[in-house]
Number of protein chains: 2
Amino acid sequence: MNLKQLSQLLGLSQTTVSRALNGYPEVNAETRQRVLDAVRETGYRPNRAAQRLATGRAGSIGLVMPTADGIESDVHFGEFLAGLGDEAVKHDFHFVINPSHPEDEVATCRRLVASGNVDALFLAYMREQDPRIAMMKSLKTPFVVHGRSMGIATDYPYLDIDNTGAFYDAARLLAQLGHRHVALINGPDYLTFSKRRTKGTVRALAEHGLVLRDECVSNSQMTDEHGFRAMERFLQLEMPPTAVLCSSTVLALGAVRAINQAGLKLGSDISLIAHDDVLPMLKPENFMVPLTTTRSSLRAAGQRIARRLIADILQLETLPQQELWKTDLIVRASTGPAPSGK
Amino acid sequence: MNLKQLSQLLGLSQTTVSRALNGYPEVNAETRQRVLDAVRETGYRPNRAAQRLATGRAGSIGLVMPTADGIESDVHFGEFLAGLGDEAVKHDFHFVINPSHPEDEVATCRRLVASGNVDALFLAYMREQDPRIAMMKSLKTPFVVHGRSMGIATDYPYLDIDNTGAFYDAARLLAQLGHRHVALINGPDYLTFSKRRTKGTVRALAEHGLVLRDECVSNSQMTDEHGFRAMERFLQLEMPPTAVLCSSTVLALGAVRAINQAGLKLGSDISLIAHDDVLPMLKPENFMVPLTTTRSSLRAAGQRIARRLIADILQLETLPQQELWKTDLIVRASTGPAPSGK
DNA sequence: GGATTTTCCCAAAGCGTTTTGGCATCTAAC
DNA sequence: GTTAGATGCCAAAACGCTTTGGGAAAATCC
């Protein structure tokens with residue numbers, strides 16, 4: 001059932017039917033109702049490809065999903081996607097997800113846009129001087145970056161959380177509690193959010209005359225296993241840290257296990273602060289010893305980005321092009337004063 | 001840059017350029033090379049919407065993502081998606097993800113197909129007598145179901161794991177170890193995989209003259225928190241179980257925490273077997289006490305389904321339409337003989 | 001009552017591909 | 001030396017929608 005058949009059925013022109021469906025004013029209310037009824041009855045759905053070809057709009061947001069044999073799926077990606085979905089469903093948008101080898105992201109983005117399959121692009125997993133930004137700026141397709149790059153002008157639309165500030169706050173708290181040796185279990189070192197978190201940590205420690213030792217830093221994918229390994233390694237140091245920062249509750253999961261295994265008590269022998277993306281599957285307040293966290297909802301970020309993208313495409317409202325969200329520092333039982341004598 | 005412009009640039013007809021690009025034989029090798037060179041130089045990309053309209057093929061696989069305010073993002077969804085991606089990227093396919101309220105799935109599926117935006121559909125989160133199956137069978141669009149429905153003929157294409165068998169094996173092992181009181185922390189009760197797992201458990205216990213008591217069963221979303229709560233509840237029973245089955249390592253995470261908190265020793269005071277979807281973020285062998293599991297890779301399932309779908313669309317190879325994967329029962333330290341005197 | 005606007009609808013021209021049906025030219029065959 | 005078949009190319013017709021540029025009838029105005 002296509003528009004032609006439908007219009008013949010109704011004894012109307014394609015034009016009128018199309019207008020009736022798309023809410024144009026120049027069509028009689030009664031006629032419109034007839035059309036709407038016929039649609040309901042026949043189950044007619046406009047062919048999106050044709051619609052897209054005619055309007056140039058696709059009703060979809062593109063994203064590139066990094067994938068490769070070695071690359072593990074990211075819990076955080078799913079949570080973010082759920083946020084995007086919440087908002088997209090309200091406007092009948094969908095996503096076009098293009099898997100890509102991480103090395104090939106620029107080309108994949110370009111291809112995705114050129115294909116005409118998407119109205120806007122969402123960019124994430126930002127790196128230093130990320131080439132995707134310049135590429136996207138040279139096109140006219142709207143885009144929003146989740147996170148920020150580094151070392152290039154920040155004159156592009158983004159939504160980021162204040163990673164530097166979050167870890168500055170967290171590290172400062174630890175320093176104030178008397179901790180002299182702090183460790184950091186961070187995300188992959190090539191991603192900018194990791195770099196910023198390191199920076200915030202270093203800055204806060206420096207203000208208290210402390211340093212973040214190289215052997216007290218771990219960079220890895222954010223899985224339970226990596227958290228465990230890193231913590232295990234830290235605890236075997238000659239001068240082990242008395243406090244540790246984790247870039248994710250998933251990392252914290254492993255870290256806490258290593259701490260327990262070593263027979264240490266979380267919150268007294270050793271303190272821990274994790275960044276909490278508010279993953280429903282893993283709540284910091286439900287750990288055996290509830291975790292002190294820097295909190296910022298990943299799902300909310302997804303919702304917001306979808307909203308901005310859609311507003312941009314549909315010209316609905318003018319939203320700020322650059323947003324930097326502060327994080328909350330929520331103190332729970334996993335932090336305490338540094339053990340004396342250390 | 002479109003086909004028309006490109007062909008004018010080359011002094012050829014659109015037909016010839018199109019044929020050259022799509023590998024048709026009736027074009028001179030030299031001409032083809034000229035076209036290919038021009039494409040490289042101009043960065044021409046065919047407009048997918050137009051291509052779609054002309055061919056009827058879209059190069060994409062559709063999936064409906066359940067989303068709603070109360071619904072939490074599912075770790076398992078992300079992992080599965082990664083699997084799909086692995087395979088899709090090889091054939092330059094992408095996904096069209098349509099978020100939908102769970103109540104509205106049938107309509108969303110139908111709309112997604114009717115939109116002409118996808119060549120095939122992937123169905124998951126199967127329920128009893130799931131109406132989506134009949135709906136899809138009435139259309140000509142290829143589809144594969146991940147899981148199986150219940151109470152209707154199984155004459156549709158699916159890939160499922162042997163949930164009944166997995167939990168039968170696991171429960172039997174527990175019974176053989178002398179456990180008389182077994183509990184089950186399962187997924188949502190309206191999903192068929194949960195039902196099958198319950199069935200397998202009940203059957204194995206029955207063969208040893210045991211029953212699965214109602215108060216020893218929990219159905220919920222598979223998050224850490226629900227695992228914790230369920231286990232906590234079980235341990236407060238007058239006659240607490242000495243062994244527990246978990247439908248996911250995520251649930252097991254919470255359950256183990258509750259066990260520790262109660263001062264019980266996993267593997268001696270209480271035994272636990274979890275189903276392991278091989279989530280990279282949470283490996284059973286890395287738990288403090290490594291978990292005995294029934295294992296089946298979710299990512300592998302995603303890869304396989306993508307492969308089947310693509311093969312179907314492109315008519316590449318004939319793959320079996322119905323697959324039931326056995327799971328591995330891997331014994332680790334979290335299972336042991338039932339404590340005596342109970 | 002004629003002029004002007006408003007209301008409602010239509011035919012036809014795109015949008016950028018693929019595909020159909022032909023038409024030359026060149027080669028091989030009798 | 002004509003004929004039959006390849007070979008290599010093209011013009012034009014889809015595909016299913018939106019949008020442009022009217023145009024007839026009805027309503028409104030002086």
Side-chain angles (χ1 to χ4, degrees), chain A residues 1-36 38-39 42-60 92 111-119 140-141 313-314, chain B residues 1-36 38-39 42-60 92 111 113-119 140 313-314:
Chain A
M1 170 64 61
N2 58 26
L3 188 62
K4 193 171 182 181
Q5 293 166 358
L6 185 66
S7 58
Q8 278 168 355
L9 189 81
L10 284 161
L12 290 168
S13 74
Q14 295 191 37
T15 311
T16 305
V17 177
S18 172
R19 298 212 135 130
L21 291 175
N22 293 323
Y24 282 74
E26 60 263 83
V27 51
N28 192 317
E30 190 190 329
T31 310
R32 166 164 298 150
Q33 196 51 55
R34 267 182 63 217
V35 172
L36 258 33
V39 165
T42 58
Y44 165 79
R45 292 283 163 192
N47 179 314
R48 285 276 209 171
Q51 221 165 18
R52 177 186 316 165
L53 190 56
T55 59
R57 262 183 286 109
S60 69
D92 197 27
R111 203 162 24 193
L112 195 52
V113 171
S115 78
N117 252 338
V118 300
D119 298 321
K140 68 282 150 217
T141 303
I313 297 166
L314 265 33
Chain B
M1 170 64 61
N2 58 24
L3 188 62
K4 192 172 182 179
Q5 294 166 355
L6 185 67
S7 59
Q8 277 168 356
L9 189 81
L10 285 161
L12 290 168
S13 74
Q14 295 190 38
T15 312
T16 305
V17 176
S18 172
R19 299 213 133 129
L21 291 174
N22 293 322
Y24 281 73
E26 60 264 80
V27 50
N28 192 316
E30 190 189 329
T31 309
R32 166 163 301 150
Q33 195 51 54
R34 264 181 65 215
V35 172
L36 258 32
V39 165
T42 59
Y44 164 79
R45 292 282 163 195
N47 180 313
R48 285 277 209 171
Q51 223 165 18
R52 162 81 184 113
L53 190 57
T55 59
R57 261 181 287 110
S60 69
D92 197 27
R111 203 164 22 194
V113 171
S115 78
N117 253 337
V118 300
D119 298 322
K140 68 281 150 221
I313 297 166
L314 265 34

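Just so it is clear: chains get the letters A, B, ... in the order the sequence lines come, proteins before strands, and each one is counted from 1.
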Problem set entry | By side-chain contact (heavy atoms from CB on, under 4.5 Å) - contacts of B/Ala54 (at least two apart) |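 For B/Ala54, no residue satisfies side-chain contact (heavy atoms from CB on, under 4.5 Å) once neighbours in sequence are set aside.
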For this session: Using side-chain contact (heavy atoms from CB on, under 4.5 Å) as the criterion, list what pairs up with A/Ala38, not counting sequence neighbours.
Result: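 By the side-chain contact (heavy atoms from CB on, under 4.5 Å) rule, A/Ala38 matches A/Leu6, A/Leu10.
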Where do N or O atoms of nucleotides 8-11 of chain D meet protein N or O atoms at under 3.5 Å, pair by pair?
{"from": "D/dC9", "atom 1": "OP1", "to": "B/Thr31", "atom 2": "OG1", "distance (Å)": "2.8"}
{"from": "D/dC9", "atom 1": "OP2", "to": "B/Asn28", "atom 2": "N", "distance (Å)": "3.0"}
{"from": "D/dC9", "atom 1": "OP2", "to": "B/Thr31", "atom 2": "OG1", "distance (Å)": "3.3"}
{"from": "D/dC10", "atom 1": "OP2", "to": "B/Ser13", "atom 2": "N", "distance (Å)": "2.7"}
{"from": "D/dC10", "atom 1": "OP2", "to": "B/Ser13", "atom 2": "OG", "distance (Å)": "3.1"}
{"from": "D/dC10", "atom 1": "OP2", "to": "B/Thr16", "atom 2": "OG1", "distance (Å)": "2.9"}
{"from": "D/dC10", "atom 1": "N4", "to": "B/Arg19", "atom 2": "NH1", "distance (Å)": "3.4"}
{"from": "D/dA11", "atom 1": "N7", "to": "B/Thr15", "atom 2": "OG1", "distance (Å)": "3.4"}
{"from": "D/dA11", "atom 1": "N6", "to": "B/Thr15", "atom 2": "OG1", "distance (Å)": "2.5"}

List the residues meeting side chain to side chain donor-acceptor pair (under 3.5 Å) with [X], not counting sequence neighbours, and say none if there are none.
X	result
A/Thr42	none
B/Arg48	B/Asp92
A/Ser7	none
A/Gln33	A/Asp37

Exercise. Does any non-hydrogen side-chain atom of A/Asn2 lie less than 4.5 Å from one of A/Asn47?
Worked result: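 With C-beta onward as the side chain, the pair stays apart.
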Exercise. Under 4.0 Å between a side-chain N or O of A/Tyr44 and OP1 or OP2 of D/dC17?
Worked result: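 For D/dC17, OP1/OP2 do have a side-chain N/O of A/Tyr44 under 4.0 Å.
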Exercise. A/Asn2 side chain N/O closer than 4.0 Å to the phosphate oxygens (OP1, OP2) of D/dG16?
Worked result: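 Answer is yes, contact under 4.0 Å.
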How many Å lie between [atom1] on [X] and [atom2] on [N], as a whole number?
X	N	atom1	atom2	answer
B/Glu30	D/dT7	CD	C1'	14 Å
A/Tyr24	D/dT18	OH	C1'	7 Å
B/Leu3	D/dA12	CG	P	16 Å
A/Leu53	D/dA14	CG	C1'	13 Å

Exercise. Hey, what bend do you get for the helix from C/dG1-D/dC30 to C/dC30-D/dG1 if you fit axes on five pairs at each end, rounded to 10°?
Worked result: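 End axes: 50° apart.
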Problem set entry | First of A/Arg57 and A/Ala50 reached from the 5' end of DNA chain D, by closest nucleotide |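 Its nearest nucleotide being more 5', the pick is A/Ala50.
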Would you list the atom pairs, donor with acceptor, under 3.5 Å between side chains in residues 18-27 of chain B and any protein atom, with sequence neighbours excluded?
{"from": "B/Asn22", "atom 1": "ND2", "to": "B/Ser18", "atom 2": "O", "distance (Å)": "3.2"}

Problem set entry | Range on DNA chain C touched by chain A - first to last nucleotide, heavy-atom distance under 4.0 Å |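 First-to-last contact on DNA chain C, by the 4.0 Å heavy-atom rule, is C/dC8 to C/dG16.
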Exercise. What nucleic acid atoms does A/Thr55 come within less than 4.0 Å of, heavy atoms only: base, sugar-phosphate, or nothing?
Worked result: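 Sugar-phosphate contact only - A/Thr55 comes under 4.0 Å of backbone atoms but never of a base.
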For this session: Grab the two heavy atoms, one from B/Lys4 and one from B/Gln14, that are nearest each other, plus how far apart they are.
Result: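 Closest heavy-atom pair between B/Lys4 and B/Gln14: CG-NE2, 3.7 Å.
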For this session: Quick one: closest heavy-atom pair of A/Gly59 and A/Asp119, and the distance?
Result: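 Closest pair (atom of A/Gly59, atom of A/Asp119, distance): N-OD2, 2.5 Å.
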Exercise. Out of curiosity, A/Thr16 OG1 to A/Arg32 CZ, how far, rounded to the nearest 0.5 Å?
Worked result: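 One finds 11.0 Å between OG1 of A/Thr16 and CZ of A/Arg32.
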